[in-house]
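Right, one structure below, let's go through it.
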Amino acid sequence: MKRTLALGGVAAGLLASAAIAAPAHADSVPSTNLANTNLAAQQVAQYWYAQAKANLVNATPYTVETTVAAKHVTTGGASADTKAGVVGSSGDQKASTGTSKNVNLPKTTGKVFFTGADGKPHWCSATALQSTYKNVVATAGHCVYDTKSNKTTLDNWVFVPGYYEGKTPWGIYVGKTAYTHYDYSVYEDGDRDYAFVTVYNGVIPTENGTSGGGVSKFFKSKKDAYDYKAKLAADKTTGWSKLAVVPVFGKSRDNGHKDWKNDDKKFSHDNRGKGNDHGRTIIGYKVTGVKLSIGLKDVGTLGANVGGQGLAYNQKVGTAVFEFGYPSGSHPDGNYAFTGKTQKWAYGKTFKASAPSMKAEELVGIKSSFTGEGAIGSSWLYRYSSAKRLGYLNGVTIAVSDTDGNGRIDTSVSPYFDGETLAVYKTAAAGWSGKIV
C-alpha cells in the first residue's frame, strides 16, 4: 500500500487531502551504512575470501519471504503516478521489441552474499545499475534489510557479478550504503520491497589463505567468553574467522586456571554445553579464532567492469520484460528444476498482482517457473538488447507463487516501479563510494 510521506515537517494530511502520492525525496529516503569505513569494508571482503572462499562456496539461498500466495488483480492495483520514463544504461540503446530467442545473458547480473539472522552465509540475485559513480546494485529489499530479526541490515553484504562456484571473475564489491523507500523501512510494505545499494570499488585477493596469528583466551565465565567473542566480532579494525567459544575440561584448583588440563580438542561436538563428558568437568571456556590477513587489490568500479542497466518507471502494465537471476530450490511438488549455480532467464508480460501476506496490494507479476530460493532479487529488464546485454530495470523479484495450485511455481512478483522508485534510485545513484585499498 502506498503511503503519503512526511517531508521536511509538512503534515502528511495536507498531501493526502490533495490526493497526491508524494515522491520519496532525498530527505525522506532512508539510508543505512553497511560498511562505513575502509577498514570495515576490508574486513567484510576478507570474511568472504578467507579459507579459500569457504563462506562463498558454502552459502545457501536466502529463504526468508520466498514463496507466497499471490493472485492476479483485475481492478485497482499498481498504477503510474507520473509519466513513463527511463534512465539510460551504460550503453543506452534505441527502443527494441525484445524476443525470447538467442538471449545473451547480462554481465551485470550476479549474487549478493550476506550473513543472515541465523549467522550463516546466504545469497540472493541482484544486478548492477548505471549511476554517477558506477557503483549501484539493485535487489529485493529483504535481501538487504533484515526482516527476520529486525536488525536493520544484514551483515557482511557484498555483490559478486558473474559468481560461479567460488569464482569471482570481476572481484567482490562490498556494500557501503543501502537505500530504500520510507514505507519499506518503517512498515515493511511489500509494495516497496526493493533496495539500491552503493558499493565500493571491487577487490581481489593478492594472496590466499589466512595468516597473522589468532586468539585463544580462557574465561571462567561462559558469559564473559561470549561477551569477548562479540567484542572481537564487532572490532572493525581486525578481521576474524572461525570465532568460537569452546568448553575447557579438567580439574579446578585454588590457583586459578594455570593447572587445568586443556583436552577440549577431544571433546565431542554433540556433547558441548553439557556439564561433563565421561566424568570430566567444565572448568571454563576458551575463545578461539583466526586473525585474517589477506592482501587485497583494487580492480576498479563495478560499472567500469560489467556496465550498468538503466531504470524504467511508470511503464504500462502488460509490458514485456526479461527476468534474469539464479533460481534454486524445488517446486512445491518436490521437483528440482534449478540449481542456482548458473544464471537463467524467463520472458513474459507484466500483469497486476497482489500478495497480502507481504502487505503487498500493488505488485506486478510475470509468468515464470523460477523457484524462489535464489530467484529473489532477480532483475526484470525492459527493452533488453541481447547484443549489448543491457536494458532498463523495471522490477526485482521479491517472491514466487504457485497460482493454480498444481505444485509448480508459475509466477514471479515485483513491486511496480514508479516515480517514487525513481526518487530512491536517484538518491542512491548520487552517492560516492571510492576505494577500500
Requested in this report: Would you mind reporting whether Q130 and L311 have side-chain heavy atoms less than 4.5 Å apart?
Outcome: no
Distance col, row F417:CZ vs L393:CG, nearest 0.5 angstrom, shows 4.5 Å
Looking only at heavy atoms, the pair that brings Y49 and V203 closest together is OH-O, 2.8 Å
- May I ask you to decide whether D410 forms a salt bridge with K367, counting only side-chain N to carboxylate O separations under 4.0 Å? yes
To the nearest 0.5 Å, atom CG of D191 lies from atom CG of D183 at 9.0 Å
Query raised in the report: Does the side chain of H331 reach to within under 4.5 Å of the side chain of I409, using non-hydrogen atoms?
Result: yes
Of all heavy-atom pairs linking R408 and D402, the shortest is O-OD1, 3.1 Å
message = Between T127 and T108, is there a side-chain donor-acceptor contact under 3.5 Å, judged purely by atom types and distance?
response = yes
Between N305 and W170 the two heavy atoms that sit nearest each other are O-NE1, 3.8 Å
key: Check: Y226 side chain, S221 main-chain N or O, donor-acceptor pair, under 3.5 Å   = no
Between Q46 (side chain) and V44 (backbone), is there a donor-acceptor pair under 3.5 Å? no
Exercise. Could you check W48 against T168 for side chain to side chain contact (heavy atoms under 4.5 Å, CB included), going step by step and ending with a plain yes or no?
Key: CA-CA 11 Å; W48 296 107; T168 58; over 6 Å; no
Taken to the nearest 0.5 Å, the spacing of K167 NZ from L56 CG works out to 12.5 Å
Hey, can you tell me if Y392 and Y382 have their rings parallel, tilted or perpendicular (30° and 60° cut-offs)? tilted
Sidechain-backbone polar pair: S433 side chain, T198 backbone, donor-acceptor under 3.5 Å = no
Value for CH2 (W380) from CG (N394), rounded to nearest 0.5 Å, stands at 8.5 Å
Mark yes or no for whether T350, through its side chain, and V317, through its backbone, hold a donor-acceptor pair below 3.5 Å. no
*Side-chain contact test, heavy atoms from C-beta onward, threshold under 4.5 Å: evaluate it for R192 versus T421 and give yes or no.*
yes
For this session: Report the C-alpha distance between V364 and S414 in whole Å, list the side-chain angles of each, state the deciding distance to 0.1 Å, and finish with yes or no for side chain to side chain contact (heavy atoms under 4.5 Å, CB included).
Result: CA-CA 5 Å; V364 285; S414 164; 4.3 Å; yes
Separation between CG (L381) and CZ (F324), nearest 0.5 Å, reads 5.5 Å
- prompt: Given Y313 and E420, is the side chain to side chain contact (heavy atoms under 4.5 Å, CB included) satisfied, shown in steps?
  reply: CA-CA 9 Å; Y313 55 94; E420 296 189 30; over 6 Å; no
| said: I'd like to know if the side chain of D193 reaches the main chain of H142, judged simply by a donor and an acceptor atom lying under 3.5 Å from each other, with no hydrogens or angles considered. | reply: yes
- Message: Whether the S412 and E323 side chains hold a donor-acceptor pair (N or O, under 3.5 Å, no angle test) is what I'd like checked.
- Response: yes
- Message: Show, in sequence, the C-alpha distance, side-chain angles and deciding distance for K223 and D227, and conclude whether the salt bridge (charged side-chain N to carboxylate O under 4.0 Å, His left out) test is met.
- Response: CA-CA 6 Å; K223 180 182 182 302; D227 286 347; 2.7 Å; yes
- Query: Can you check whether G295's main-chain N or O pairs, donor with acceptor, with T206's side chain at less than 3.5 Å?
  - Reply: yes
Is the F196 ring parallel, tilted or perpendicular to the Y425 ring (thresholds 30°, 60°)? perpendicular
Exercise. Just wondering, do I398 and Y194 contact through their side chains at under 4.5 Å, heavy atoms?
Worked result: no
Query raised in the report: Between F113 and Y163, how do the two ring planes meet: parallel, tilted or perpendicular, split at 30° and 60°?
Result: perpendicular
Minimal heavy-atom distance between V396 and P415, with the atoms involved, is O-CD, 3.6 Å
- prompt: Is there a donor-acceptor pair closer than 3.5 Å between any side-chain N or O of N55 and the backbone N or O of Y47?
  reply: yes
- Just checking, is any N or O donor in the side chain of T109 or Q343 under 3.5 Å from an acceptor N or O on the other one? yes
K111 to Y326 six-membered ring, cation-pi geometry met (6.0 Å, 45°)
yes
message: If you define the side chain from C-beta out and look only at heavy atoms, does anything of T32 sit under 4.5 Å from Y145?
response: yes
One should read off an interatomic distance between K286 NZ and S216 OG, to the nearest 0.5 angstrom, of 4.0 Å
Next item on the list: Check the angle between the aromatic planes of Y347 and F322 and answer parallel, tilted or perpendicular using the 30° and 60° thresholds.
Entry: tilted
Looking only at heavy atoms, the pair that brings G171 and V160 closest together is O-CG1, 3.9 Å
Q.
Check the orientation of Y173 and F159. Use parallel for under 30°, tilted for 30 to 60°, and perpendicular for over 60°.
A. tilted
Given the options D146, D155, N156, T115 meets side chain to side chain donor-acceptor pair (under 3.5 Å) only with N156
Practice task
For the pair S125 (side chain) and T139 (backbone), establish whether a donor and an acceptor sit closer than 3.5 Å, ignoring hydrogens and angles.
Solution key: no
Correct closest heavy-atom pair for L105 and R389 would be O-NH1, 2.7 Å
> Side-chain contact, heavy-atom cut-off 4.5 Å: W157 with V112?
Replying inline: yes
>> With heavy-atom distances below 4.5 Å as the criterion, would you say the side chains of Q42 and V437 are in contact?
In response: yes
Pi-cation contact, Y187 with K359 (under 6.0 Å, within 45°): no
#### Entry: Close side-chain approach of P61 to W123, heavy-atom, < 4.5 Å
yes
Worksheet entry | Expected output: side-chain N33 to main-chain A35 donor-acceptor under 3.5 Å | no
key: Residues, nucleotides or ligands: over 12 heavy atoms within 6.0 Å of K426 NZ   = no
Q: Give the ring-plane orientation class for Y62 versus H122, where under 30° counts as parallel, over 60° as perpendicular and anything between as tilted.
A: tilted
